[in-house]
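Below is one structure; the comments refer to it alone.
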Amino acid sequence: MKLRLLASALLGALLPFAFAPYEHWWLIPILFSAWIGCWWDLPRRRAWWVGFAFGAAAFTAGTYWLFHSIVTIGNAPWALAIFLVFGMVAIMALYFGFSAALVGWIANHDRGRVLLMFPGAFVVLEWMRGWVLSGFPWLTLGYSLPETPLAGWLPVGGVFLGSFVLVALAATLRAVLMGAAARRVGLAVIAVFVVSSVALKDRQFANPEGVEVAGALAQLGLDQTLKWDEAQFQSTLQWYAEFVRDYSGVDLLLTPEVAIPTVADRVPGYLSQLESMASAGGSTLLVGILAREPDESPSNVLLQLGSGPPRQYAKRHLVPFGEFFPVPGFVREWMRLQGLPFSDLKRGVADPTPLQVGSLPIATSICYEDAYASEQLTFFPAARFIVNVTNDAWFGDTIAPHQHLQIARTRSAESQRWQFRAANTGITAIIDGRGRVLSAAPSFEPAILVGRVQTVAGHTPYTRFGNILALLVALVSVSLGLSHSRRR
């Protein structure tokens with residue numbers, strides 16, 4: 001048992017190498033195939049621990065950057081950081097433990113049944129991981145797929161269908177090792193996956209319109225420890241004013257999340273100045289800032305200024321322990337006494353009015369909320385392209401900004417929409433409708449990235465049906481496993 005726990009933990013620790021910046025997506029079927037072999041003949045309690053070990057190692061290795069965010073940037077005590085990070089890791093590992101224990105228990109050591117049921121059961125639990133208790137969809141397997149031979153599955157069923165394909169391939173590889181009969185079936189299934197993936201790879205579901213939109217994306221490159229320093233405030237205002245002045249005339253001028261580190265009602269004259277400069281060139285300016293109504297908490301917003309009527313988009317999915325604190329009152333009081341942040345931002349409305357660039361509606365997301373694919377579906381099919389603004393300066397020079405960019409690329413691949421993405425310290429990028437990075441600014445330095453996107457209209461299967469298709473396929477997988485048992 002100890003060897004199985006150790007092997008499972010080692011396999012889990014390798015999982016982050018399937019994602020950016022390494023992008024060895026092919027590791028997932030291999031790792032999961034080996035992991036299944038670690039627990040498929042164990043009693044459910046031992047299978048649970050083997051599954052838990054895999055998940056704990058995967059999230060410790062894949063989200064270590066949370067320590068940097070909480071301690072280095074947030075100035076939180078190490079004890080609090082350890083409690084928060086390992087608490088989150090333990091919660092995420094529960095899903096892996098449950099997937100192994102549940103399938104092992106129902107399959108009752110029937111290996112054929114395990115292989116049929118596991119892809120569906122795992123994907124259902126992965127989907128739940130994305131929304132239960134606010135959700136944390138980081139390291140969802142399908143995020144490894146942009147710019148891979150399996151990327152064509154993303155516009156069909158989204159990130160969770162991509163996860164299903166990867167785990168199904170893992171189960172098929174395991175079947176190939178079971179014997180002659182299983183090997184023939186497994187090789188046939190792999191052949192079907194290969195043919196289907198080739199057929200989907202270049203399939204265009206949405207409708208390119210042949211219209212180009214030019215954008216200028218601002219990246220100040222200021223370290224998060226300096227961003228809110230009052231000594232930097234005036235120079236920050238001047239830098240963005242010069243950006244708007246110099247690039248006025250470009251269709252879209254885009255700043256990152258909370259590029260102006262204050263509340264809008266503190267700088268009304270400055271915002272009017274920016275709007276005048278953008279309007280003079282016929283540009284639409286989207287500026288990140290905080291905004292509030294009287295007697296209310298501020299919201300994290302993207303203001304639309306310049307051409308067209310002023311509008312704003314307020315962030316809807318807030319970051320736990322960063323933008324809202326799901327803790328009881330006595331914990332908030334302790335945080336206040338320790339000088340730690342403890343107040344909540346106000347959430348945006350669930351069904352926002354789309355922002356526009358000229359007359360073109362766009363799909364907008366702020367930072368962390370682009371990891372929640374189904375919440376972006378409200379913008380489609382009307383949205384012609386995607387705009388994402390973020391502040392990945394919280395993560396420093398770790399793997400997190402690369403992982404986050406990969407998530408943004410997946411949103412483009414699912415909807416087949418091009419994307420402008422602006423980040424305070426990087427990775428600022430322009431992404432095409434297949435999730436490929438066309439150009440990117442160097443990280444951690446001031447930069448202006450200029451480029452164009454193509455407008456696209458209409459639905460992909462994913463934007464029309466959301467996660468329904470992936471969940472149906474998962475339920476079919478579980479049902480096949482159950483029927484396999486009855487036949488036996």
Side-chain angles (χ1 to χ4, degrees), residues 18-19 23-33 36 112 114-124 126-127 140-178 181-208 373-374 377 406 409-417 432-436 456 458-481 483-484:
F19 298 89
E23 303 203 34
H24 301 306
W25 66 271
W26 47 267
L27 277 172
I28 292 177
I30 297 172
L31 294 175
F32 269 68
S33 178
I36 292 170
V114 168
L115 298 181
L116 286 169
M117 293 181 64
F118 181 67
F122 181 86
V123 166
V124 169
E126 189 180 62
W127 167 71
T140 297
L141 301 185
Y143 283 133
S144 67
L145 293 184
E147 296 193 71
T148 72
L150 302 181
W153 294 96
L154 295 173
V156 176
V159 67
F160 295 112
L161 184 60
S163 293
F164 179 87
V165 170
L166 288 167
V167 182
L169 283 173
T172 305
L173 288 176
R174 195 76 205 176
V176 168
L177 302 176
M178 287 175 58
R183 185 178 300 114
R184 287 193 295 270
V185 174
L187 292 175
V189 172
I190 290 174
V192 170
F193 274 121
V194 170
V195 172
S196 301
S197 299
V198 170
L200 290 171
K201 190 174 187 300
D202 296 317
R203 176 70 187 276
Q204 184 69 37
F205 294 98
N207 306 312
S374 60
L377 297 179
Q406 194 173 44
R409 290 160 55 199
T410 304
R411 298 289 87 87
S412 284
E414 289 170 337
S415 61
Q416 295 188 330
R417 292 324 196 263
D432 75 4
R434 300 194 184 280
R436 299 174 296 196
V456 177
H459 275 300
T460 64
Y462 178 72
T463 60
R464 184 181 297 277
F465 300 111
N467 293 322
I468 292 175
L469 180 58
L471 293 174
L472 285 175
V473 171
L475 292 176
V476 169
S477 166
V478 174
S479 299
L480 286 173
S483 65
H484 175 78

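Just so we're clear, the structure is a prediction, and the values are computed from it rather than from any experiment. Side-chain atoms are counted along with the backbone in the values below, which use heavy atoms only and exclude waters and symmetry mates.
Phe32 and Phe118 have tilted rings, their planes meeting at an angle from 30° to 60° on a 0 to 90° scale.
Judged by distance alone, the side chain of Thr148 and the main-chain N or O of Ser144 form no donor-acceptor pair under 3.5 Å. A donor-acceptor pair is defined here as one N or O able to donate and one able to accept, closer than 3.5 Å; no such pair exists between the side chain of Thr140 and the backbone of Gly142. Not one N or O on the side chain of Ser33 forms a donor-acceptor pair closer than 3.5 Å with the backbone of Ala171.
Across all their heavy atoms, Leu154 and Val159 have their closest contact at CD2-CA, 4.0 Å. Smallest separation of non-hydrogen atoms from Gly466 and Leu377: CA-CD1, 3.6 Å. Annotation for Gly458 and Arg417: closest pair O-NH2, 2.8 Å, computed over non-hydrogen atoms. Of all non-hydrogen atoms in Pro146 and Gly435, the two that sit nearest each other are CB-O, 4.1 Å. The two residues Ser197 and Leu150 come nearest to each other via the heavy atoms OG-CD2, 3.1 Å.
Two residues are said to be in side-chain contact when any heavy atoms from C-beta on lie closer than 4.5 Å; Gln406 and Glu23 meet this criterion. Residues Arg411 and Ser415 fail the side-chain proximity criterion, which asks for heavy atoms closer than 4.5 Å. Annotation: side chain of Gln416 is in contact with side chain of Pro155 (closest heavy-atom distance under 4.5 Å). Under the 4.5 Å side-chain criterion, counting only non-hydrogen atoms from C-beta, Val167 is not in contact with Glu126. No side-chain heavy atom of Val456 sits less than 4.5 Å from a side-chain heavy atom of Asn207. In this structure, Ser163 and Phe122 have side chains that are not in contact, with every pair of non-hydrogen atoms separated by 4.5 Å or more.
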Steps toward side chain to side chain contact (heavy atoms under 4.5 Å, CB included) verdict (Val156, Phe205): CA-CA 9 Å; Val156 176; Phe205 294 98; 3.9 Å; yes
Chi angles and distances behind the salt bridge (Lys or Arg N to Asp or Glu O under 4.0 Å) call for Glu147, Arg409: CA-CA 9 Å; Glu147 296 193 71; Arg409 290 160 55 199; 3.1 Å; yes
Criterion side chain to side chain contact (heavy atoms under 4.5 Å, CB included) on Leu145 and Val165, from CA distance to verdict: CA-CA 10 Å; Leu145 293 184; Val165 170; 5.7 Å; no
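Interatomic distance, Glu414 CD to Ser374 OG, rounded to the nearest 0.5 Å: 9.5 Å. Within the model, atoms CG of Leu116 and CG of Leu480 stand 6.0 Å from one another, a figure rounded to the nearest 0.5 Å. Residue Ile30 holds its CD1 atom at 11.0 Å from CG of Leu169, rounded to the nearest 0.5 Å. Between the CH2 atom in Trp26 and the CG atom in Leu31 there is a gap of 8.5 Å [rounded to 0.5 Å].
Every residue meeting the side-chain contact (heavy atoms from CB on, under 4.5 Å) condition with Val473, not counting sequence neighbours, appears here in chain and number order: Leu161, Phe164, Leu469.
Applying the side chain to side chain donor-acceptor pair (under 3.5 Å) test to pairs two or more places apart or on separate chains, those with a residue in residues 461-477 are His459-Thr463, Thr460-Thr463, Tyr462-Asn467.
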